[in-house]
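Chain letters run A, B, ... following the sequence lines, proteins first, then strands; residues in each count from 1. Atoms considered below: every heavy atom in the structure, side chains included; atoms not considered: hydrogens, waters and symmetry mates.
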Number of protein chains: 2
Amino acid sequence: MPEKSHKHVTCENCLSRQNSLFGSFCGEEVDLLERQKSCSYFKKNQPLFIEGSAPRGVYCINEGKVKIFARGEEGKEQIIHLAAAGEVVGFRAMFSGEPYKVSATTLEESNICFIGKSDFLDLVDSNPTLRNGIMKELSKELADRATFITNMAQKSVRERLAFSLLMLQDIYKEEMINLSREDMANFVGTATETLIRLLKDFKEEELIATHARRVEILDREGLLRVAGN
Amino acid sequence: MPEKSHKHVTCENCLSRQNSLFGSFCGEEVDLLERQKSCSYFKKNQPLFIEGSAPRGVYCINEGKVKIFARGEEGKEQIIHLAAAGEVVGFRAMFSGEPYKVSATTLEESNICFIGKSDFLDLVDSNPTLRNGIMKELSKELADRATFITNMAQKSVRERLAFSLLMLQDIYKEEMINLSREDMANFVGTATETLIRLLKDFKEEELIATHARRVEILDREGLLRVAGN
DNA sequence: CGGGGTACATGATAAAAATCATTTTTTACT
DNA sequence: AGTAAAAAATGATTTTTATCATGTACCCCG
């Protein structure tokens with residue numbers, strides 16, 4: 001496992017920034033961002049923010065992964081979104097004027113920069129490109145969640161798992177999927193035992209392979225067929 | 001049943017506007033809106049827009065109700081949102097630059113005004129209050145959908161139905177809930193037969209009463225208890 | 001105002017998934 | 001490296017929900 005640790009990343013050289021909401025920033029805009037942000041190292045399973053608390057700013061992931069989740073009645077987590085490097089997390093609550101309705105926690109060691117609420121809102125006010133990017137992002141995410149809801153309502157757990165594994169593959173890129181069975185179950189929306197049984201089925205069907213907890217995708221096409229789209 | 005028909009509503013006098021995204025508009029802003037909008041009468045079950053098509057503008061509901069839904073693999077509808085008078089529908093796709101991911105259809109006779117895409121986007125560009133209202137709306141809706149997903153994943157159909165009935169009550173206000181069993185099932189996310197059986201249970205438990213297809217809420221508290229929040 | 005079509009309702013059965021109990025494997029720590 | 005604790009895996013069983021088949025009621029239209 002690569003040794004990660006706190007390092008001060010400059011926005012200018014931040015590869016993650018390129019694909020982020022701030023990707024359009026140039027010269028002095030990057031400088032301003034650089035001055036306003038603070039960069040922190042997060043251990044695994046460390047919370048960025050918690051449901052019910054008041055938003056203090058936004059988090060830009062330089063390296064690492066973050067789960068965004070809500071809690072149901074009995075405290076069971078439902079993972080709503082998984083965010084990887086380049087994503088800006090926590091900006092939705094900036095505009096709603098309400099406390100967070102979801103929580104965010106790191107899934108692995110991460111380097112994450114923080115931009116305070118007023119600085120961020122000033123940026124949004126003064127930068128039409130950023131603003132449009134945000135509106136676009138919000139709208140797309142809204143559409144994604146409509147699909148999410150529909151899948152949840154109409155697909156079987158087996159179909160949802162196949163679909164989820166493909167999504168996870170996109171998030172983990174070259175790496176193998178490395179997520180606890182419980183988190184995976186909370187993403188798919190099922191019981192941990194059911195998830196484990198289905199993983200076993202997929203293994204027997206040679207759609208995936210497992211190396212301890214890590215999951216390797218062997219047959220994308222096959223999974224896509226199982227997912228039913 | 002009140003006889004509805006096409007009538008030209010002026011934005012100035014439109015009661016629905018007060019609570020809408022355009023609620024903050026004053027004098028000349030209202031005049032501009034008035035000149036740009038066109039007002040139409042829609043019959044029951046008439047589509048406003050369809051999944052996959054390119055957005056042409058936004059729809060402001062003066063009177064009536066609209067369902068927003070996606071279709072799953074086998075064509076089954078999943079109702080994502082129910083919109084009533086005062087709501088502006090279809091503006092999310094304005095910003096995403098993508099075709100509609102959902103469809104919208106009237107649930108009853110409705111009077112709905114239309115504002116073309118470029119007019120609407122100009123309004124948004126030139127009016128910071130409107131813009132902030134939209135960002136707030138998008139963010140809130142995103143939070144709502146996180147809750148929706150969590151409920152879908154973790155609550156039983158019985159719990160979801162109780163919750164849905166309370167939501168429907170809020171939408172239908174003084175009127176009784178008047179929705180086909182199929183639409184109701186597609187909102188709750190279950191089979192029509194299951195929904196009907198559960199309505200019967202609720203009737204026996206005196207939580208609701210039915211008058212033909214219309215549903216009357218007898219015991220809000222009780223339903224809230226069943227819903228489990 | 002009657003009849004046909006659609007929506008609603010009920011029943012029987014099968015399938016899917018949750019739950020609870022227990023064992024095995026992996027991980028983290030000293 | 002050894003061990004305790006946590007996570008993963010398996011098994012048995014129950015509960016929930018979907019599906020298929022069929023009967024009934026409502027309501028729109030001629």
| request: Could I get the full list of side chain to side chain donor-acceptor pair (under 3.5 Å) partners for A:Arg92, not counting sequence neighbours? | output: A:Glu141
| The single option from A:Arg213, A:Lys65, A:Glu108, A:Arg214 passing side-chain hydrogen bond (donor to acceptor under 3.5 Å, both in side chains) against A:Asn178 | A:Arg213
| message | Between B:Glu77 (side chain only) and B:Ala70 (backbone N and O only), is there a donor and an acceptor less than 3.5 Å apart? | response | no
| message | Test your reading of the model: is there a side-chain donor-acceptor pair from A:Arg160 to the backbone of A:Val188, 3.5 Å cut-off? | response | yes
| field | Leading and trailing nucleotides of DNA chain C with any atom under 4.0 Å from heavy atoms of chain A | value | C:dA17 to C:dT27
| Under 3.5 Å, is there a donor-acceptor pair between the B:Thr210 and B:Lys203 side chains? | yes
| request: Classify the angle between the aromatic ring planes of A:Phe49 and A:Tyr100 as parallel (below 30°), tilted (30 to 60°) or perpendicular (above 60°). | output: parallel
| In terms of side-chain geometry, is the basic nitrogen of A:Glu205 or A:Arg158 positioned less than 4.0 Å from the acidic oxygen of its partner? | yes
| query | When you check every protein heavy atom under 4.0 Å of nucleotides 13-30 of chain D, what one-letter string (B, S, -) results, 5' to 3'? | reply | ----SBBB------S---
